[in-house]
Each structure stands twice: as structure tokens, then as C-alpha cells.
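Note that the coordinates shown come from a computational prediction; the quantities given were computed from them, not determined experimentally.
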Amino acid sequence: MSNCPSFPPGIESTVCHWFKNDPKHPPEILHKDPRFVAIAEWITEHAKIYWQEIGYSARYEPEIEKSWIQRYHGQCHGLHVHNHPGMPLSASFYFDGSPEQGNFVVEDPLDLLLSQVPYLPQGRNFRMKQIPIKTGQLIIIPGYLRHSVLPNTTDRTRYTWNMDFLAKQI
């Protein structure tokens with residue numbers, strides 16, 4: 001797999017533009033913008049590999065349904081635990097990130113059930129796993145997997161490009 005293409009220059013102004021709720025440039029179709037095609041293709045190729053690795057049907061392949069940018073200013077809150085129901089895959093690409101800017105956290109899907117058994121006194125969410133982030137990192141997870149982002153404790157802004165994938169019949 002080739003190296004990741006560069007993210008388009010001037011991303012901060014681009015991000016601000018997409019946050020304006022401009023009907024000509026809705027944030028959900030960022031992956032269709034010509035400036036983002038190369039990186040969207042690179043991410044999709046990685047999603048196809050992951051699709052196969054987790055055993056999803058070979059009759060389908062992932063296709064970006066929607067994408068959006070999230071911007072977390074320095075000293076900003078994180079993102080609460082959530083999932084993307086109905087989406088086979090979800091992904092986050094960190095085009096500016098570090099562990100101090102808020103690690104990605106995944107929750108074991110069995111956590112709710114397993115936290116109820118008597119020999120696991122730690123309680124709910126004790127089986128969450130932090131994934132240290134860095135600039136240029138791509139994280140792909142099944143859409144059902146509950147995940148969150150820790151607070152940004154730096155003075156730098158963390159930028160992520162997030163997307164949901166649907167199953168496209170091939």
C-alpha cells in the first residue's frame with residue numbers, strides 16, 4: 001500500500017468553510033470534492049483491506065457514504081461514547097493529532113454484559129482501550145463499535161476527517 005497522500009493545503013480555512021452549513025458544500029460530501037479525491041481513495045483502499053480482514057462478505061465492498069471534519073480547539077472537551085448504527089464501517093483520519101490532543105478510545109462490545117458478572121468488580125467501561133493518535137493515522141472500526149475521544153489538553157487544534165461506509169454490491 002502506498003503512502004498516504006498529503007491533505008489539501010489550507011485545511012483550516014477549508015474546515016471553517018465546511019462548518020458554515022453552506023448548501024453548496026454540505027459537510028457530508030467532502031470526499032467528493034476534487035481536492036480530497038486522492039486521500040479518499042487511499043482511505044477506501046485501506047477500508048477494503050480491513051473489510052476482508054474482519055470477514056465481511058466478498059460480495060460487497062465499502063463505499064464512503066458521508067464524511068465530515070471535526071475540529072477540537074486546544075483545551076477542548078472530548079467526544080462522548082457513541083457508535084454509528086447501520087454503518088458497516090466508520091473511520092477517522094487524523095490530519096493533525098497527538099496523544100495529548102485526545103486519544104481515540106474503543107469499548108469492548110461485550111463490556112455491558114461482562115461487567116455484570118461477579119468476578120469482574122471493575123464495573124462498566126473498565127475494558128475500554130485507548131489508541132494513541134498521531135498525525136496521518138487512520139483508524140477504521142466496525143460501525144457498531146462504541147468509541148469516544150479523550151479531551152484535547154494542548155493549545156493546538158486537533159483536526160479529524162471522519163467518514164461512514166456503506167456496503168456496495170460488487
Quick one: do Y94 and T135 satisfy side chain to side chain contact (heavy atoms under 4.5 Å, CB included)? Show the steps, please. CA-CA 5 Å; Y94 287 81; T135 298; 6.0 Å; no
Just do the side chain to side chain contact (heavy atoms under 4.5 Å, CB included) check on I131 and V105 with the steps written out, would you? CA-CA 6 Å; I131 300 172; V105 180; over 6 Å; no
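Between atom CD of residue Q52 and atom CD of residue E61 there is a gap of 9.5 Å, rounded to the nearest 0.5 Å. Note that the NZ atom of K66 and the CG atom of N162 stand 11.0 Å from one another [nearest 0.5 Å]. To the nearest 0.5 Å, atoms OG (S92) and CD1 (I139) are separated by 6.5 Å.
Below 30°, between 30° and 60°, or above 60°: for Y159 and F95 the angle between ring planes is below 30°, a parallel geometry.
Under a 3.5 Å cut-off, the side chain of N83 and the backbone N or O of Y144 do form a donor-acceptor pair. When atom types are taken as modelled, the side chain of S67 and the backbone of H31 share a donor-acceptor pair closer than 3.5 angstrom. Judged purely by atom type and a 3.5 angstrom limit, S57 uses its side chain to pair as donor or acceptor with the backbone of R59. Counting only distance, with no hydrogens or angles, the side chain of Q137 and the backbone of K134 share a donor-acceptor pair below 3.5 Å. Proximity of a side-chain donor or acceptor of T154 to a complementary backbone N or O of E100 within less than 3.5 Å is not detected. A side-chain donor-acceptor contact under 3.5 Å links N103 to the backbone of I133.
The shortest distance between side-chain heavy atoms of L138 and I43 falls below 4.5 Å. In this structure the side chain of T160 never reaches within 4.5 angstrom of the side chain of F104, judged on heavy atoms. No side-chain heavy atom of I170 sits less than 4.5 Å from a side-chain heavy atom of Y60. Within the 4.5 Å cutoff, no side-chain heavy atoms of P88 are placed close to those of F165. Q130 places a side-chain heavy atom less than 4.5 Å from the side chain of L150.
Clustering ILVMFWY residues whenever any of their side-chain heavy atoms sit less than 4.5 angstrom apart, transitively, puts L166 in a cluster other than the one holding F93. Clustering ILVMFWY residues whenever any of their side-chain heavy atoms sit less than 4.5 angstrom apart, transitively, puts I64 in the very cluster that holds Y50. A continuous path of ILVMFWY side-chain contacts below 4.5 Å connects W51 to W42, so both sit in one hydrophobic cluster. Linking Ile, Leu, Val, Met, Phe, Trp and Tyr residues whenever their side-chain heavy atoms come within less than 4.5 Å places M163 and I39 in a single cluster.
Between the side chains of Q101 and R156, at least one donor N or O sits under 3.5 Å from an acceptor N or O.
Here V37 sits alone; no ILVMFWY side chain lies under 4.5 Å from its own, so it joins no hydrophobic cluster.
Taking the ring centroids of F36 and W161, they lie under the 6.0 Å cut-off.
Between D96 and R158 there is no salt bridge, since none of the side-chain N atoms of the basic residue sits less than 4.0 Å from a carboxylate O of the acidic one.
Here the shortest heavy-atom pairing between P142 and I54 reads CG-CD1, 4.4 Å. Pairing each heavy atom of I140 with each of A91, the nearest pair is CG1-CB, 4.0 Å.
Under the side-chain hydrogen bond (donor to acceptor under 3.5 Å, both in side chains) test applied with H147, the options H82, K129, E107 reduce to a single match, H82.
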